[in-house]
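Below, each value reflects all heavy atoms present in this structure, side chains not excepted, and no hydrogens, waters or symmetry copies. Just so it is clear: chains get the letters A, B, ... in the order the sequence lines come, proteins before strands, and each one is counted from 1. From a predicted model like this one, the values you see are computed outputs, not experimental measurements.
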Number of protein chains: 2
Amino acid sequence: MAPNPNDPSKKTWLPVPEKSDFPIQNIPFGVFLTRDDIITIGTRIGDFAIDLGALHQLGYFKDIPLTDDIFLQDTLNDFISDGKKTWHLVRNRISTIFDINNFELQNNEDHIKIVLFAMEEIEMQVPVQIGDYTDFYSSREHATNVGSMFRDPENALLPNWSHLPVGYHGRSSSIVTSGTPIRRPMGQTLPKGAEKPIFGPSNLVDFELEMAFITTDANALGEPIPIDEAEDYIFGMVLFNDWSARDIQKWEYIPLGPFLSKNFASSMSPWIITMAALEPFRVESPKQDPQPLPYLQQQHGNHSFDIKLEVEITPEHSEATTVSRSNFKYMYWTMAQQLAHHTINGCKVNSGDLMGSGTISGPTPDSYGSMLELSWQGTKPVKLKNGQQRKFIEDNDTVTLKGYCEKNGMRIGFGEVSSKLLPVFQPKPKK
Amino acid sequence: MAPNPNDPSKKTWLPVPEKSDFPIQNIPFGVFLTRDDIITIGTRIGDFAIDLGALHQLGYFKDIPLTDDIFLQDTLNDFISDGKKTWHLVRNRISTIFDINNFELQNNEDHIKIVLFAMEEIEMQVPVQIGDYTDFYSSREHATNVGSMFRDPENALLPNWSHLPVGYHGRSSSIVTSGTPIRRPMGQTLPKGAEKPIFGPSNLVDFELEMAFITTDANALGEPIPIDEAEDYIFGMVLFNDWSARDIQKWEYIPLGPFLSKNFASSMSPWIITMAALEPFRVESPKQDPQPLPYLQQQHGNHSFDIKLEVEITPEHSEATTVSRSNFKYMYWTMAQQLAHHTINGCKVNSGDLMGSGTISGPTPDSYGSMLELSWQGTKPVKLKNGQQRKFIEDNDTVTLKGYCEKNGMRIGFGEVSSKLLPVFQPKPKK
């Protein structure tokens, strides 16, 4: 029997700093540009990035059914298409190669030089070509908070919310990875009491603390994915900051939903943490009342994950302040329910599709997942360590999301997604 | 100076049936599977499909800066990325090759055998890899009709509608081409007067008569496209049927917009008609009142196109009935305004992105672009030639959209997009 890659006692021959998000039990997947300007698929242990394309060429994945160039690609889509069985074979093999008791690569200095990179030497890329990006709205606390502010505190949750995981389509083209700065958007807003909109920079730029999952090819057009099978089609998860412009949103979103208020940028963390690595951190999801319709009912068990989440704001040339601490386990609707709902009408889901959770707010005000909620529409400014305060995000602020699981002394983390908000774009004067 | 490919007196050595949508002045672009199971990019004259990959290999595009494999691809994305100047060079060259006075290919039987296919021999494909699909809502008549039915006849048009081209994101993965049957979707609906939703087949499946335009790479993330430049980034147009399930839509769409009611299928016509071919059919767009904000203001001129549109319903084993006659020129917002608005916040637009007009309804009841409007929510059933009537689309009905321009004896058409609605999907019993 193959050794268990999730075994907390497992050790690697690579140095792993204490409290690292990337012990040998993690084995995330990502895409990076090497010091030689080559794009490759890789994994990470401690502070080393590992070139899986090179490892494969050197024969370390022999006997696993993989095409020769499966890791020599600029996206993970084809590897994800290979399916769950292959993901597990590759993860187990990586776990074996870097096991402290395995000397094959450990003692091969030539090979080590080829496959290992220090994190500073590489540049992480968006790891998948995202065909379609869907964003859900599955935190009851977030939906209640927004409904209270935008509509009516007495009827904050709309009638459909507790019967289905509300979702909508977002913009794939504007998804960037950690480190890519984004621009404050321009747009139309309706000033309070005005009859006509004005044009200018958004004044209410916000983050949204989300996670997202990435799917494999799941179905043919027209064929739903049964809820019992839905988890088999989820490859892994990332941190996701769904940048939002609240003033643009308020003016545009009725009746077809948010559009320009969201599609100027979303930021994802670069390493995809596999569902296999998250397995030890399963927890129950919130009890659902009313009971969902049969196509959304899951068998008893732990369908959520205990993932601790944090948001930091770092003003330019200043220190970071943690402004929110939340947890993925607060999500009312599970990922399996989201995927089953998404396909119940036959909508096709492909490898590399990304599905966001929606803002993850917890029950207490310090666990809210957006400035809109943390500052309660600007009425309760958030204090920063440097003495400043924030109602929303200001130019040159950096917003960083972090996430990790911890249990029995084992920590599996997501790293971070960090993005700086630049001032509005200034077009070059015409010559 | 190069001859004008739009010259109505121009003739080709290929036979072109009278009233064909594809005279030598059209020169659309598409992707097809040949009789030898090879995917290639091609164009069409009369009832012949022309293999551009083969023509290029045979040297007919010499002196035009094209990569060797530009037409040997399964999508048009890379060719569209080459930009407007290249599109024109290629279109002009095709026009020259098939000109009745040009004998180079005309007299080369060996080459003709390689590059020409009868339409029956080939299978048209979705012509672009659609990175992102956006659907607008830009027909004033349609928005007014829907607002009257779903909300309030006194305030049918929402306050933002006349200030910006309302749009939202759709699902790229579910876009198919003409001939692909689609499935009646299952989903949640709220019966009249009920407090809880039920699950079952949608009973109100509808077509939406739309057109869509396809873009080239237009901007970097964060940089708006000025309205004066927007038309340069539009490659061409197609017919587009944005299938909708009205009962699912009504229950799910507040507050984030339509989702499962739309993403089960959209059908596009396979030949992209270039903006160059549509140039002779420019007309003024409707006067806009109130005046839009400056970023949406266009210089005086003809910013719309006179494209006649028709919808046919064909019940199984029966004859077709034309149920609507509309025109693209009714669109209140122009394509340039849509694209300028879409990017005013810096949203990135890529080659192959598809942007739908929204349902195109005209001013009279026989020009409405959906069954929802034609049957006025089912209160005025539409009579078919076979004696049946329709409130919405029934199982095994085929819906066909057609479109063409006509002026001074010249006709440039889109062909058609035709799709049969199959009954709901029946999962195989588990063994």
Rounded to the nearest 0.5 Å, what separates atom OH in B:Tyr253 from atom CD1 in A:Ile254? 9.0 Å

If you count heavy-atom pairs within less than 4.5 Å of chain B, which of A:Phe199, A:Tyr168, A:Trp251 leads? A:Trp251

Chain B heavy atoms under 4.5 Å from A:Ile344: which part of the residue, side chain, backbone, both or neither? both

Under a 3.5 Å distance rule, please check whether A:Gln188 uses its side chain to pair with a backbone N or O of B:His163 as donor and acceptor. yes

Please flag which part of A:Ile198 lies under 4.5 Å from any non-hydrogen atom of chain B: side chain, backbone, both or neither. backbone

Which answer fits A:Leu158, side chain, backbone, both or neither, if we ask what part of it has an atom under 4.5 Å from a heavy atom of chain B? side chain

Measure the spacing between CG of A:Asn345 and CZ of B:Phe259 and express it to the nearest 0.5 Å. 8.0 Å

Take B:Tyr133 and A:His169 through the test ring pair (Phe, Tyr, Trp, His ring centres under 6.0 Å) and record every step on the way to the result. CA-CA 10 Å; B:Tyr133 151 45; A:His169 297 296; 8.4 Å; no

Portion of A:Gln129 that has a non-hydrogen atom of chain B nearer than 4.5 angstrom: side chain

Any non-hydrogen side-chain atom of B:Phe425 less than 4.5 Å from a side-chain atom of A:Pro224? yes

Working to the nearest 0.5 angstrom, can you tell me the gap between B:Lys348 NZ and A:Ile175 CD1? 13.0 Å

Between A:Val176 and chain B, which part of the residue has a heavy atom less than 4.5 Å away: side chain, backbone, both or neither? side chain

So how far is it from B:Leu260 CG to A:His341 NE2, rounded to the nearest 0.5 Å? 4.0 Å

For chain A, find which of B:Ser172, B:Ala143, B:Pro290, B:Ser261 contributes the most heavy-atom pairs closer than 4.5 angstrom. B:Ser172

Shorter than 4.5 Å, heavy atoms on both sides: which option in A:Glu252, A:Gln426, A:His342 has the most such pairs with chain B? A:His342

Tell me, side chain or backbone of A:Leu221 under 4.5 Å from chain B's heavy atoms, or both, or neither? side chain

Between A:Pro427 and chain B, which part of the residue has a heavy atom less than 4.5 Å away: side chain, backbone, both or neither? neither

To the closest 0.5 Å, what do you measure between CG (A:Asn350) and OG (B:Ser173)? 5.5 Å

Measure A:Arg184 against the heavy atoms of chain B and call it side chain, backbone, both or neither at under 4.5 Å. neither

So which part of B:Tyr295 gets closer than 4.5 Å to some heavy atom of chain A, the side chain, the backbone, both or neither? side chain

Ranking B:Glu223, B:Arg151, B:Met186 by heavy-atom pairs under 4.5 Å to chain A gives rank one to B:Glu223

Who wins among A:Ile248, A:Leu164, A:Asp132, A:Ile130 for the most heavy-atom pairs under 4.5 Å with chain B? A:Asp132

Residue from B:Pro258, B:Ser202, B:Gly187 scoring the most non-hydrogen pairs under 4.5 Å with chain A is B:Pro258

Comparing B:Pro159, B:Gly346, B:Gly147 against chain A, the one with the most heavy-atom pairs below 4.5 Å turns out to be B:Pro159

When rounded to the nearest 0.5 angstrom, what is the spacing between CZ in B:Arg171 and CG in A:Asp353? 4.5 Å

